[in-house]
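Here's the structure, in structure tokens; my notes come after.
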Amino acid sequence: MTIKDPALFYGPAREVDTGMTTEKVTRALFDEVMVPNYNPQQMVPVRGEGSRVWDQDNNEYIDFAGGIAVNALGHCHPELVSVLKEQADQLWHLSNVFTNEPALRLAKKLTDATFADKVFFCNSGAEANEAAFKLARKYSYDNFGPEKNEIISFKQGFHGRTLFTVSVGGQPKYREGFEPAPEAITHAEFNNLDSLKALISDKTCAVVLEPTQGEGGVLPGTEAFLKGVRELCDQHNALLVFDEVQTGVGRTGYLYAYMASGVIPDVLTTAKSLGGGFPIGAMLCSDKVAPSLGFGTHGSTYGGNPLACAVAEKVLDIINQPEVLEGVNAKNAIFVEELNKLNERFGIFKEVRGSGLLIGTELIEQWHGKAGEFLAAAREQGLMMLVAGPNVIRFAPSLIIPDEDIRTGMAKLGAAIAQVLENAEG
Ligand SMILES: *Cc1c(COP(=O)(O)O)cnc(C)c1O
């Protein structure tokens, strides 16, 4: 069927004063038609390949941001493109009234590769956490009664933007104005066992943490802390939930960050890198707790859809290989070396931290609050990077970023820092 007159289907096109017709849209249009909850950079990317991105004016960027720790295999990885196209010709969606082959294969691979026995699929990190927190409450309700319902998480932690996840998250600014929030949630100090001890009790149903706090400033949990949290959970029959939405799927040089410390959670959430840029999230859990999400207790229309699962299966196949994971650690060494060199030149970093390709550099006090200035200057030099709060510059590039792109990006970062310092003096 040919559609002769699109207006018959969509109604007459509305005039917008950017002069926009169907062919060209610009950044200016964003402010006109989008809710202002984001403030994207002043250019519009249109194409990506590996760790390089091009905007509407064909300016080239090195990508140290990876779509906020999502594009774990860079942009348009040929094997991901091919598996997505193949699946697009097969089957897109069925709902959970039916299961499908890609979802079953992905669940099998995730359970084979981790502590988990069971998987629940959804579409984002927040949804994976929502499932985890609901499961924690339900498991305690089923096994210990309704009084055991308290969730303890950590200050500066980040778990997503739904009302439950901003409530468990440790940054009050994300829930301010949205109250009343879900109750029985308290926040301890990260890497401080005494602070957790003061809050935990037999009424605690779960302790929730990121093995390395990502958005909160790239702060790794120490091994002693993680072990101590596990012990306290065991003493109080509380579930341990690891939010590995950012740290998972190779990001820290291990398939999942819990594998570095040997501390095994009861529930783990994963998203971001899992889909390599295609939306998917998953909650993984042990057979002990899975029965509490019995038939009809929870669900998601799109969860486990064949397109997302086919892509994620390929992502997992590629990343869960020793060469790729070792490569992440080798690339970490280049990042750290280059950042230290920049610091010898400029002296603006207080500390370089993180592991694998989740790296944060905290600025010295004098530059606190100004991480965003470096981000904007880097973009002008043709480099995409991230912040983690106002004081920390964050890098979360493709796990297979070519070494040459790391060095090229670092030269751009050097130019950007020089520019910011010059502006500050001038
Ligand atoms: C990004 C992130 C989330 C939220 O994921 P969405 O896909 O944006 O919902 C949750 N937890 C952590 C640790 C994250 O980094």
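Start at 1 and go down the list; that is how both ligands and their atoms are numbered. Numbering of residues begins at 1 and proceeds along the displayed sequence.
By the side-chain hydrogen bond (donor to acceptor under 3.5 Å, both in side chains) test, D234 is found to be paired with R230, residues two or more places apart in sequence or in another chain being considered.
Between S292 and D142, the side chains place a donor N or O and an acceptor N or O closer than 3.5 Å (distance only, hydrogens not considered). With 3.5 Å as the limit, one finds no donor-acceptor pair spanning the side chains of H159 and E130. For the 3.5 Å distance criterion, the side chains of T247 and E244 qualify, holding a donor opposite an acceptor.
The shortest heavy-atom contact between M43 and P45 is O-CD, 3.6 Å.
Ring pair F395/F335 is tilted by interplanar angle, where 30° to 60° counts as tilted.
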Less than 3.5 Å apart, N/O on ligand 1 and N/O on the protein: could you list those pairs with the distances?
from, atom 1, to, atom 2, distance (Å)
ligand 1, 7 (O), G125, N, 2.8
ligand 1, 9 (O), G125, N, 3.4
ligand 1, 9 (O), A126, N, 2.7
ligand 1, 11 (N), F158, O, 3.3
ligand 1, 11 (N), D243, OD1, 3.4
ligand 1, 11 (N), D243, OD2, 2.7
ligand 1, 15 (O), Q246, NE2, 2.7
ligand 1, 15 (O), K272, NZ, 2.6

